[in-house]
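Position 1 is the first residue of the sequence, and the numbers go up from there. None of these values were measured; they are calculated from a predicted model.
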Amino acid sequence: MSCLICGSLAFDTITTFDGRFAEHILPGKIHVLNVSFLVPSLRRDFGGCAGNIAYTYKLLGGEPVVLAALGEDGADYERRFDDLGISRRHVRVVPGSHTAQAHIITDRDDNQITSFHPGAMQLAHTQPVPTLPGLQLGIVAPDGRQAMLEHAQQMAAAQLPFVFDPGQGLPMFDGDELRRFIEQATWVVVNDYEAAMLAERTGWQLEQIAAQLRGLVVTRGAQGCDAYEQGNCTRVAGLAAERLVDPTGCGDAFRGALLWALERGWGLIDACRLGNVLGARKVACSGPQNHTASLEQLLQDYGSAYGCAAPARAA
């Protein structure tokens with residue numbers, strides 16, 4: 001049993017500026033802006049939505065099939081997958097291209113300046129959805145625009161149930177395209193800001209969107225999430241993390257757990273509860289792929305948080 005994970009693979013370079021951007025950017029001189037920030041701390045993480053989701057899915061014992069693209073500089077990511085036991089059979093290395101990369105500077109007030117180079121991600125659509133025995137479901141996560149369009153169409157044509165997770169890629173699509181994604185998908189997962197944008201662009205209320213799906217999930221950070229199914233909306237309470245270290249990748253950890261639970265036949269609310277468990281585990285660690293725990297520990301966390309045992313695998 002496995003899950004097809006379509007999305008980006010990227011390197012995240014995260015730096016910290018000890019001062020405040022506002023003290024170095026003169027409002028009257030923005031049109032001739034030329035500034036430099038000394039960043040004494042620097043961290044390079046493995047990132048990208050597909051990599052982050054696959055990491056958590058594998059942590060839970062699943063077998064992710066990643067459909068994505070790396071650049072010629074992606075050897076470290078290839079070794080990373082090999083070390084984790086994640087297949088890279090469907091990860092294309094694009095000659096003459098860099099792996100997608102985000103460069104982030106955060107100041108003392110948690111303001112951020114980010115640059116993003118898509119690189120090989122722009123050619124992710126050249127890898128079609130494979131026909132593989134054992135694939136139970138998939139996800140279309142943020143990726144190149146054409147890849148998201150084509151992979152959703154291909155999964156729908158193959159009758160493979162999938163989650164549509166537009167994330168930061170949502171602004172790339174107009175109302176007609178987003179309505180088509182929803183019509184093709186089995187579930188949609190968005191955060192609260194994305195939910196408002198999705199409703200505005202499609203012209204559909206969240207209840208109308210949910211009525212076309214098996215389920216709609218709207219995540220709300222530490223407050224948990226709202227799960228829409230069968231005409232009802234249920235608030236699934238979040239968990240208090242042991243410590244707040246780094247929120248980067250929390251949404252992807254949630255999605256990895258959600259996919260693992262759905263693949264095993266759990267109901268949507270139970271799957272969201274496990275997603276909250278993994279989100280809380282992730283926020284206590286630096287980087288999007290450094291949280292660790294055994295499946296037994298995570299299921300114990302589930303029971304402690306929600307006062308009931310995790311479901312057995314459904315038929």
Side-chain angles (χ1 to χ4, degrees), residues 3-10 47-54 64-71 89-94 97-102 116-132 135-191 193-204 206 208-210 212-218 251-252 255-256 258-259 262:
C3 175
L4 182 65
I5 300 175
C6 304
S8 60
L9 296 176
C49 295
N52 298 344
I53 293 169
V65 176
V66 176
L67 189 67
L70 288 171
R89 176 182 174 187
H90 300 283
V91 176
R92 180 189 173 191
V93 177
V94 181
S97 182
H98 289 288
T99 299
Q101 299 187 39
F116 182 75
H117 173 66
M121 190 181 81
Q122 298 175 101
L123 293 175
H125 63 279
T126 61
Q127 288 284 87
V129 167
T131 300
L132 298 173
L135 274 183
Q136 298 298 301
L137 74 165
I139 184 170
V140 174
D143 204 352
R145 170 183 159 80
Q146 196 61 30
M148 294 178 72
L149 289 167
E150 293 188 17
H151 292 159
Q153 292 168 359
Q154 292 162 8
M155 287 193 204
Q159 298 185 330
L160 179 67
F162 74 93
V163 171
F164 175 50
D165 167 28
Q168 65 265 39
L170 196 155
M172 295 190 295
F173 305 105
D174 62 25
D176 287 339
E177 291 165 331
L178 291 169
R179 284 189 287 270
R180 183 60 180 149
F181 276 123
I182 292 166
E183 290 164 356
Q184 293 171 327
T186 313
W187 303 272
V188 170
V189 181
V190 287
N191 66 27
Y193 180 83
E194 295 157 1
M197 182 180 291
L198 186 63
E200 188 274 330
R201 293 209 171 181
T202 60
W204 290 337
L206 295 182
Q208 293 175 284
I209 294 172
Q212 303 176 62
L213 300 160
R214 195 178 303 176
L216 166 67
V217 178
V218 179
D252 293 332
R255 285 151 178 78
L258 184 85
L259 288 168
L262 291 175

Open item on the list: Apply side-chain contact (heavy atoms from CB on, under 4.5 Å) to residues D143 and M121 and explain how you reach the verdict.
Closed with: CA-CA 6 Å; D143 204 352; M121 190 181 81; 3.1 Å; yes
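- Formation of a donor-acceptor pair under 3.5 Å by the H151 side chain with backbone atoms of Q127 is found in this model.
- Annotation for A10 and T99: closest pair CA-CG2, 4.1 Å, computed over non-hydrogen atoms.
- The CG atom of N191 sits 9.5 Å away from atom CE of M197, with the distance rounded to the nearest 0.5 Å.
- In terms of heavy-atom proximity, V66 sits nearest to V91 at O-CG2, 3.8 Å.
- A pairwise comparison of heavy atoms in P171 and R201 identifies O-NH1, 3.0 Å as the closest pair.
- If you take NE2 on H90 and CD1 on I5, they are separated by 12.5 Å, rounding to the nearest 0.5 Å.
- No side-chain heavy atom of Q154 sits less than 4.5 Å from a side-chain heavy atom of L67.
- Using a cutoff of 4.0 Å between basic side-chain nitrogens and carboxylate oxygens, E183 and R180 are scored as salt-bridged.
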- [ ] Check the pair W204 / Q212 against side-chain contact (heavy atoms from CB on, under 4.5 Å), numbers first and verdict last.
- [x] CA-CA 11 Å; W204 290 337; Q212 303 176 62; 3.2 Å; yes
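- Taking a cutoff of 4.0 Å between a charged side-chain nitrogen and a carboxylate oxygen, D252 and R255 do not qualify as a salt bridge.
- In plain terms, the two heavy atoms of G203 and R179 that are nearest each other are N-NH1, 4.4 Å.
- Heavy atoms only, all atoms of each residue included: V94 and A69 are closest at CG2-CB, 4.1 Å.
- Note that CG of L160 and CG of L135 are 6.0 Å apart. Values are rounded to the nearest 0.5 Å.
- The neighbour count for H98 NE2, taken as heavy atoms of other residues, nucleotides or ligands under 6.0 Å away, does not exceed 12.
- Residues M148 and F173 have side chains in contact (heavy-atom distance under 4.5 Å, counting atoms from C-beta outward).
- Considering OG1 of T186 and CG of L262, their distance stands at 9.5 Å, rounded to 0.5 Å.
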- [ ] Just do the side-chain contact (heavy atoms from CB on, under 4.5 Å) check on V140 and Q184 with the steps written out, would you?
- [x] CA-CA 11 Å; V140 174; Q184 293 171 327; over 6 Å; no
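- In this structure, P142 and G167 approach most closely via the heavy-atom pair CG-CA, 3.8 Å.
- Contact annotation: the side chain of M155 approaches that of C6 to within less than 4.5 Å [non-hydrogen atoms, C-beta and beyond].
- Side-chain N or O atoms of Q122 include one that pairs as donor or acceptor with a backbone N or O of G119 at under 3.5 Å.
- For F164, the ring pair (Phe, Tyr, Trp, His ring centres under 6.0 Å) test picks out F181, with sequence neighbours left out.
- Here I209 contributes atom CD1 and T202 contributes atom OG1; the two are 4.0 Å apart, rounded to the nearest 0.5 Å.
- With values rounded to the nearest 0.5 angstrom, L216 atom CG is found 8.0 Å from L198 atom CG.
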- [ ] Check step by step if side-chain contact (heavy atoms from CB on, under 4.5 Å) holds for C49 and Q168.
- [x] CA-CA 10 Å; C49 295; Q168 65 265 39; 4.2 Å; yes
